[in-house]
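So you know, we letter chains A, B, ... as the sequences are listed, proteins then strands, and number each from 1.
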Amino acid sequence: MRNTRPYDPLAKKAQQNSTTESDAIRQRPKKIKSSKGVAGKECIHESAIKHVLGSAIYTDDMPELPRTLHMAAGGSRFSRAKILSMNLEPVLASPGVVAVFTKDDVPGNSDIGPVFPGDPLFAENETLFVGQPLFVVAAETYEQACAAAELADIEYQELTPDITVEQGIKNQSFVLPEHTIESGDPDHAIKTSARSLTGSGYIRGQEHLYLEGHIAYVQPLEDGGVHVFTSSQHPTEVQKLVAEVLNIGSHKVIAEVRRMGGGFGGKETQAAALACSAALAAVKLNRPIKYRMPRKHDMERTGKRHDFSYEYSVGFNEDGIFNGIDMTLAGLCGCSPDLSQGIVDRAMFHADNAYFLNQSRVVGLSPKTHTVSNTAFRGFGGPQGMVAIEAVIDDISRELNIDPLTVRKRNLYRPGANTTHYSQPVEQLVLQDIIAEVENSSDYWARREAIKTFNTENTYVKKGLALTPVKFGISFTAQHLNQAAALVHIYTDGTILVNHGGTEMGQGLHTKIAQIVANEFCVDIDRVQVSATRTDKVANTSPTAASSGTDLNGYAAKLACDEIRTNLIAFAVEHFSVEKESVRFEDSCVFVGEESYTFAKFCQLAYMNRISLMAHGHYKTPKIYYDRASGKGHPFFYFANGAACAEVLVDCLTGEYKVQRVDILHDVGHSINPALDIGQIEGAFIQGMGWLTTEELLWDEKGRVLSNTPATYKIPTAFDVPREFNVSLYQSANPENTVFNSKAVGEPPLMLAISVWSALRDACSSVANYQCSPPLDPPATPEKVLAAIEYARAFQSNHS
Amino acid sequence: MIQLCLNGQWLEIENSDPSETLLHYLRTKLGQNGTKEGCASGDCGACTVVVAQYSEATQSWQYHSINSCITLLASLHGKHIITVEGIAESYEGEASLSHLHPVQRALVEHHGSQCGFCTPGIVMSLFTAYENNGGAALTENQILDSLSGNLCRCTGYRPIVDAGLEAHRYSKTGQYSKQTAPEKTCAPETAGFKTETAQCIFPASEEELIQLITQHPQARFVAGGTDLMLEKTQAFKSLPQLIGLTHIDSLREITITDNNVSVGCGVTFSDLERELKNRLPSLVTLFHRIGSRQIRNQGTLAGNIANASPIGDSPPFLLALDATLELNSPNGLRVVELNNFFKDYKKTELQPGEYIRRVLFEIPNDNFVQSYKVSKRFEDDISAALLVVRWSVDNNCFKNVRVSVGGMASTAKRVLLVENALEGQPANQETISTAKALFKTELSPISDVRASAHYRITVIENLLMKAWLEFSNNHAAKTQCVNVWQPNVERKVSQQFGGDYA
């Protein structure tokens, strides 16, 4: 019986040549245990009990103030059209309508583009996408507002829109200039390689489908300002844009977020439009305004994950190792830049995934189209770059008839070949180890053989298997966003209130921060309350994005705690005339030499002696910079890593499939909360699997999104979860100085789902006895899988 | 006026917008905000609540999960409604684990909520499964069935399924675990709401129904309302004249005499699933792919037919069974064959004021009846294409062949060319190959958001082959695998969280 790994001479060679280095790779960092306290514990989500009782309050659940009005927007019927005239009389005459507002009512700046201009609050003379707001209506009820918004009499002159990446590029229409990251001489390297390949593909975008749709509830304040309750990942930006739209100072605007019903990047910039429109009406009418969108509008009028097209030319040797690659990635940006610069950049940064590209050129294009401006979505372009390079690896494997896993392993960053195309060294080489563990735990090679046998014996059903790695760079690529602040209050009863710049969208950020704070004082977690995120408490916050919530805000909270603790220790030293070393925080008590005080009592004592029990912490991430002009730098503080092995079963008559088993090992550094981290990994994986399988965003030729409700856009259900789903945390500490040596976890595991897509392609390839690499652009719907099977069948009959 | 019991408290609702939904009423009139609106179209399950019904036959309460976002408030006269606010022990201030119902507690301890917005709906779906099972251990299939209409975008479901598997291990707390449902009931009677411009009435007898139709010949009929209500919640149209069909006992009957089945127009898919599970399992298998558990608890077979969707799902199956329909109106009863019922896209034989009273069909004795539904997602998705085949094999020849399709034309229909190519021919793969090539002669499907025309034709051809393979698997004991949906592993609790089962 053969169930061992096939002999790989290269692996052997590498081992012989660099014994010490590969030993270093294999040596696993020891798990660091926090001595006491709750960091590292599987605490339940701070809102879990409220979630299950239905008592957790989302913006739409807040008690409505008297005289509250509801808002809806009238949207453009055409993706690109001149607005010749707009008669809003029928809207005003509709039952319950109180007022209508257009661009002419905006007192301040009406462009709410987050980084670059280009996102007018209301359409100017020419519309930019289907559903673009032309006006808003305020009415007594939600239903009245929604019904009235449809009644405007608008005369358009339709113009020819660009809808696709192709059209944008053909017409040389871009939202941002081309960007290139180059290393070495890729053209020469490809030309002189023993083998080469070219290929291309198209990766579709993704709708966020957060369960709570966009919403803002705005209350006018006495001084001309507003209090904005928003479902936003970026309250500071909401505050700033509302102030600019109203032409008032930021100090008169409070943006507040208690929790979101999911964000996933979709609420990083897109929440602002609702908040600004509602604030406008709130100030004009001096009435509270609630603006939430019907799901269909939410799906038509807010940005999604970018579609990307990719083209590549790759040179490699007979072992499948890259010599050089030239890759172009074009992200469909939609009608404005929004966050597309960072997104296309991140796709380019991750066009290596975990592999040493050697000599490379990665070109990023940002075509402009007359569709809704695409925006952040978990992974922020990274997933698209990774799908492209994983497709290249699969193509090379089929070309050389080597198992794709072997080609993957040979190309991993390794000692002597550990510099990325943007010049940042990969210092922590753990993927060899992680992959080896998954190979082992998933029994990859034995199952590979069993699957080959199964596929030989079965005509109508085929199995596929793939094991793919993830290496994801952690930090905002915009340097200034890598900062955070937190405010910690200790009251005289020993309870602690924390406010920080991050927002809670389900990821458990508030729970982790409560754990960090409780841990700093060695008190029970019940003593710590994290309050709603408010711009009047912590100013100038960064969006809760880029997986950075805990890294940034957690560290800031820790620094605030450090300051209070330092003050308390100094107080004890002076008050009790003891040495610094004899003051300890333990078990909700403060020990001073032999004496112990309850934490509450000690805080009371400190207060009576006029010691400050509150502090503000500010953190900025070290080491990071990027020079766009040269395409070189150190944009990431560190990398998060993981690997997944997926097995699928495919029906060759219909293209339907089922994911049978998935094994995941993922690196979260020293986990602050293993239960929450596993939740992030599993949730991200299933969300990524949805993106690559059943979630198909479709547009018509006029730029209308066709998959505009959950009836036509299908995210995974409980049935779709692999029956065998083994998820483990890789036991290691982050070598960088992060809070508790943990690692960011929000985005990286989404890309573990590439294993599912690659496994589907593997199954299709088996139809041609693994001799071809059938095109299978994601999402791999049953229709696309059947087409790939037909391609493989045709290949087989032409080549036998 | 209607009377309903909400979490154990009887409410008399004097007046309301006749087409108001239960969700709207809960959130805006009662301030009960635990139940969420995710999509307002019955696709996400965040609004799931439970209808409790006392069964005299089993002397126990039966629970049905429904989508409150598309449920007419007017349809709930006499019903017991349980929402997420009603299942825990009452508490003041901050609740603790010990106040929670076992499914709530299991969800907390298995980390089954992240953003928490879908959670109230998930809680109510699991509550339904748990209570209907008497608090005993649930199987994976029971859990997945109960969750088929609940979307969660955060967790990836694993911890939710684990919570379902483990819920039975938590001790019983919570109001409804104690089976303390209120004693008072109210008499079945004609109920609903009426304003100057609109009304929604649910008559309690067929006589009253006919009277109402005579008075309001332009009124629209509503049974489950799972499609009709979208006009209100998605298009914000008013539904001024509605007559409900689900409060009349005689129309809620399923009778099976020998092999003859009669299904009243108030019968839901879930009711039918229970009755036909052993008699016509292939139809029940198809039902599992229609909407979600919540939708099947509301949606009716007759409504599915009257809706006349080109896809339909149940119509192609009923066409293959040669079903007939009993139509009724103030002008009298008539019977039509389903095969003559669909006229064109969304056009049927129904005249104004006429409703489908009963659906009639015979449980076939043939060797093989099977349906094949293809959609992007397995659960709660609309078919890209649907094939139903029925045949007998006699003397090695196909007999009594029916081949019908959904999603392939402007209506669900039988494909006579293909039927004729099989009828009386030798039962072998060659005959199938010849017959399947005829689909494209008779059908020219469209391309839309669900599938391309090319895929539809290819897959419908292949499905006929698949039917043959499955048939020969069953009858010639071949071992080639042709079904990707059968589980090959039993799902286990994979993360060891929770465990404080006190």
Which region of [X], side chain (C-beta onward) or backbone (N, CA, C, O), has a non-hydrogen atom less than 4.5 Å from a non-hydrogen atom of chain B, or is it both or neither?
X: A/V727; value: both
X: A/Y58; value: side chain
X: A/P294; value: side chain
X: A/P63; value: neither
X: A/S47; value: neither

Would you mind telling me which of [options] has the largest number of heavy-atom pairs within less than 4.5 Å of chain A?
options: B/G116, B/G31, B/A46; value: B/G116
options: B/C152, B/P120, B/C39, B/G45; value: B/C39
options: B/I122, B/T233, B/T83, B/L144; value: B/L144
options: B/V103, B/V449, B/L147, B/V123; value: B/V449
options: B/G156, B/G34, B/C115; value: B/C115

Salt-bridge criterion met for [X] and [Y] (N-O under 4.0 Å):
X: A/D61; Y: B/R27; result: yes
X: B/K36; Y: A/D60; result: no
X: A/E696; Y: B/K376; result: yes

Using modelled atom types only, decide if a donor and an acceptor are shared between the side chain of [X] and the backbone of [Y] within a distance under 3.5 Å.
X: B/Y157; Y: A/V721; value: no
X: B/Q114; Y: A/Q507; value: no
X: B/Q495; Y: A/A675; value: no
X: A/K714; Y: B/D380; value: yes
X: B/Y455; Y: A/A787; value: no
X: B/R377; Y: A/I715; value: yes

Please step through side-chain contact (heavy atoms from CB on, under 4.5 Å) for the pair B/L463 and A/L653, ending with a clear verdict.
-> CA-CA 7 Å; B/L463 286 174; A/L653 290 168; over 6 Å; no
Gap between atom [atom2] of [Y] and atom [atom1] of [X] - 0.5 Å precision:
X: A/H45; Y: B/S113; atom1: NE2; atom2: OG; result: 6.5 Å
X: A/L53; Y: B/H99; atom1: CG; atom2: NE2; result: 9.5 Å
X: A/Y460; Y: B/M465; atom1: OH; atom2: CE; result: 6.0 Å
X: B/L151; Y: A/L209; atom1: CG; atom2: CG; result: 7.0 Å
X: A/S55; Y: B/N33; atom1: OG; atom2: CG; result: 11.5 Å
X: B/D381; Y: A/T694; atom1: CG; atom2: OG1; result: 8.5 Å

Any side-chain heavy atom of [X] sitting closer than 4.5 Å to one from [Y]?
X: A/R723; Y: B/E140; value: yes
X: A/T717; Y: B/S148; value: no
X: A/I44; Y: B/E109; value: no
X: A/Y142; Y: B/F236; value: yes

Please assess A/E790 against B/T458 for the test side-chain contact (heavy atoms from CB on, under 4.5 Å), listing each intermediate value before the final yes or no.
-> CA-CA 11 Å; A/E790 285 178 339; B/T458 312; 3.2 Å; yes
Would [X] and [Y] count as having a side-chain donor-acceptor pair, cut-off 3.5 Å?
X: A/E682; Y: B/T155; value: no
X: A/E42; Y: B/H111; value: no
X: A/H51; Y: B/T119; value: no

Salt bridge (charged side-chain N to carboxylate O under 4.0 Å, His left out) between A/R292 and B/E37, worked out | CA-CA 11 Å; A/R292 81 174 160 97; B/E37 178 186 310; 2.8 Å; yes
Around B/K29, counting heavy atoms of other residues, nucleotides and ligands shown, do more than 12 lie under 6.0 Å from its NZ?
-> yes
Could you go step by step and tell me if B/S452 and A/E783 meet the side-chain contact (heavy atoms from CB on, under 4.5 Å) rule?
-> CA-CA 8 Å; B/S452 69; A/E783 174 163 355; 2.5 Å; yes
At a heavy-atom distance under 4.5 Å, which candidate from [options] has the highest pair count against chain B?
options: A/E150, A/H208, A/R661, A/M299; result: A/H208
options: A/L706, A/D651, A/T693, A/I57; result: A/D651
options: A/E504, A/M689, A/E64, A/K658; result: A/K658
options: A/A48, A/G655, A/A147, A/P782; result: A/P782
options: A/A718, A/A711, A/G54; result: A/A718
options: A/I686, A/I681, A/L676; result: A/I686

Sort [X] into side chain, backbone, both or neither according to what part of it lies under 4.5 angstrom from a heavy atom of chain A.
X: B/Y91; value: side chain
X: B/A95; value: both
X: B/T28; value: neither

Dump the intermediate steps for side-chain contact (heavy atoms from CB on, under 4.5 Å) on A/I49 and B/L97, then the final yes or no.
-> CA-CA 7 Å; A/I49 291 177; B/L97 281 178; 4.2 Å; yes
